[in-house]
Amino acid sequence: MKRILVTGGAGFLGSHLIDRLVEQGHDVICLDNLQTGSLENIQHIQDNITFIKHDITEPPPELGCLDEIYNLACPASPVHYQADPIHTFKTSVLGALHLLELARQTGAKIFQASTSEVYGDPLVHPQPEHYWGHVNPIGIRSCYDEGKRGAETLFFDYARMYDIEIKIVRIFNTYGPRMDANDGRVVSNFIVQSLQNQPLTVYGDGLQTRSFCYVDDLIEGFLRLMATPKEITGPINLGNPNEFTMLELAEKVIKGTGNKMQLRYEPLPQDDPKQRQPIIDEANRLLNWVPKVMLNEGLEKTIAYFKERV
């Protein structure tokens, strides 16, 4: 049994990760400021974990010995991370700094949930880990994109200076139960709008692409990377390499909900990537990981979740 800290543990991804860690018998501390997370996400396991409400822009409280730290704390949808961009940037950078110091003090292995947004609006497609990206450093998405890039910098500098064990994944679009219905992400947007018989909001011409990974597959990748030898640090792309346009996704959601196809077109947001697709050769080679849940199956489970809540 390990003693494991999960920041952002009451969020969409964090709560699914905690489910797996509790299932494995670990002693889990969930730390979350509940800015975008919800106690409802961890209510079913509240008696098996320790919950602490805390914002990682401030140094964490005394937690004692730790074996592992998973840092998943940061708003991840444009609606949320653009609401307070300064706090978003501080969460990524100051949060990473505080947790890396905690790892240095305790000797804990530390995991960073980074993002495909570090590639920006990519000029290389699909995206391999060695691609440095095409990011606007002063745009409305920069608080998140550059914050995550800065966090990766800190992780590698701490590893080089203090020899701490780091693990970094770059997450591509992930979906599934416990997504926030109001987070502005395309999967939840489409599903909620369709279930409410509203037109689906398509930005631009709808031909921009994303690759959608089901949450269970992603969490399996987290755990596999954390179990690798020290020399395997990442960053490693985790995502489903099957690419879909927004119009194709809309069609699948409409079919899954059984409602009529209605679309409402809006201007494309600033710096919104035109293409997003991971190369996952490294995850396959180093983790023996490939996603197993295809989009139709994952959407069916996600639609069922939202049907109970909309």
Side-chain angles (χ1 to χ4, degrees), residues 12-13 71-72 74-82 85 88-89 91-93 95-96 111-157 166-175 183-187 203-204 206-215 217-218 221-222 225 232-246 249 268-287 289-291 295:
F12 165 45
L13 298 182
N71 181 27
L72 278 67
C74 190
S77 72
V79 168
H80 289 148
Y81 68 63
Q82 291 172 18
T88 296
F89 191 82
T91 299
S92 288
V93 177
F111 173 101
Q112 167 68 4
S114 191
T115 172
S116 60
E117 296 295 337
V118 301
Y119 300 122
D121 189 2
L123 301 178
V124 172
H125 186 77
Q127 293 81 56
E129 289 88 350
H130 62 262
Y131 176 51
W132 289 355
H134 178 236
V135 178
N136 177 0
I138 58 171
I140 60 173
R141 300 171 68 102
S142 306
C143 58
Y144 185 70
D145 300 3
E146 296 288 32
K148 289 290 190 176
R149 286 163 70 95
E152 287 193 15
T153 299
L154 281 170
F155 265 68
F156 274 93
D157 284 339
I166 65 169
K167 309 290 182 183
I168 299 176
V169 299
R170 290 174 176 165
I171 301 168
F172 284 69
N173 294 67
T174 303
Y175 69 100
D183 70 2
R185 299 190 218 196
V186 65
V187 172
Y203 294 98
L207 298 180
Q208 65 270 39
T209 65
R210 296 294 184 271
S211 305
F212 300 102
C213 184
Y214 189 67
V215 62
D217 284 332
L218 185 78
F222 287 6
L225 178 58
I232 298 177
T233 61
I236 289 181
N237 289 338
L238 289 182
N240 193 314
N242 294 312
E243 188 179 18
F244 296 90
T245 68
M246 298 302 94
L249 175 66
L268 194 67
Q270 180 185 332
D271 298 328
D272 192 60
K274 309 299 187 302
Q275 293 178 300
R276 188 57 58 72
Q277 181 187 18
I279 292 177
I280 60 168
D281 294 353
E282 286 294 279
N284 192 0
R285 180 176 68 88
L286 296 173
L287 311 180
W289 180 90
V290 291
L295 185 56

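None of the values given here were measured: they were computed from a predicted structure.
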Quick one: does [X]'s side chain get under 4.5 Å of [Y]'s, heavy atoms only?
{"X": "Leu225", "Y": "Ile168", "answer": "no"}
{"X": "Val135", "Y": "Arg149", "answer": "yes"}
{"X": "Leu207", "Y": "Met246", "answer": "no"}
{"X": "Trp289", "Y": "Leu238", "answer": "yes"}
{"X": "Ile280", "Y": "Pro291", "answer": "yes"}
{"X": "Phe222", "Y": "Leu72", "answer": "yes"}
{"X": "Gln82", "Y": "Tyr144", "answer": "no"}
{"X": "Tyr203", "Y": "Gln208", "answer": "yes"}

For the student: nearest non-hydrogen atoms of [X] and [Y], plus distance:
{"X": "Val187", "Y": "Leu249", "result": "CG2-CD2, 4.1 Å"}
{"X": "Phe156", "Y": "Pro235", "result": "CZ-CD, 3.7 Å"}
{"X": "Thr88", "Y": "Pro75", "result": "OG1-CG, 4.3 Å"}
{"X": "Ser92", "Y": "Ala151", "result": "O-CB, 3.6 Å"}
{"X": "Gln112", "Y": "Asn71", "result": "OE1-ND2, 2.8 Å"}

Walk me through it: do Leu218 and Thr174 pass the test side-chain contact (heavy atoms from CB on, under 4.5 Å)? CA-CA 8 Å; Leu218 185 78; Thr174 303; 3.6 Å; yes
Donor-acceptor under 3.5 Å ([X] side chain, [Y] main chain):
{"X": "Lys167", "Y": "Ile232", "answer": "yes"}
{"X": "Asp217", "Y": "Asn240", "answer": "no"}
{"X": "Ser142", "Y": "Asn136", "answer": "yes"}
{"X": "His134", "Y": "Leu123", "answer": "no"}
{"X": "Asn284", "Y": "Val290", "answer": "no"}

Pairing residues for [X] by the side chain to side chain donor-acceptor pair (under 3.5 Å) criterion, not counting sequence neighbours:
{"X": "Glu282", "result": "Arg285"}
{"X": "Asp281", "result": "none"}
{"X": "Ser114", "result": "Glu152"}

side-chain contact (heavy atoms from CB on, under 4.5 Å), paired with Glu243, selected from Pro278, Pro126, Ser211: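 The passing option is Ser211.
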Does a donor on one side chain sit under 3.5 Å from an acceptor on the other, for Tyr119 and Asn237? yes
Under the criterion side-chain contact (heavy atoms from CB on, under 4.5 Å), I'd like the reasoning laid out for Leu295 against Tyr175: C-alpha separation, chi angles, the key distance, then a yes or no. CA-CA 10 Å; Leu295 185 56; Tyr175 69 100; 3.6 Å; yes
Gap separating the CZ atom of Arg185 from the CZ atom of Arg210, nearest 0.5 angstrom: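 Spacing of CZ (Arg185) from CZ (Arg210) equals 12.5 Å.
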Roughly how far, to the nearest 0.5 Å, is OG1 of Thr153 from NZ of Lys148? 13.0 Å
What do the steps show when you test Asn173 against Phe212 for side-chain contact (heavy atoms from CB on, under 4.5 Å), and what is the final call? CA-CA 5 Å; Asn173 294 67; Phe212 300 102; 4.0 Å; yes
Between Tyr81 and Arg141, does the side-chain contact (heavy atoms from CB on, under 4.5 Å) criterion hold? Intermediate values first, please. CA-CA 8 Å; Tyr81 68 63; Arg141 300 171 68 102; 3.6 Å; yes
Of Arg276, Gln277, Arg170, which meets side chain to side chain donor-acceptor pair (under 3.5 Å) against Ser116? Arg276
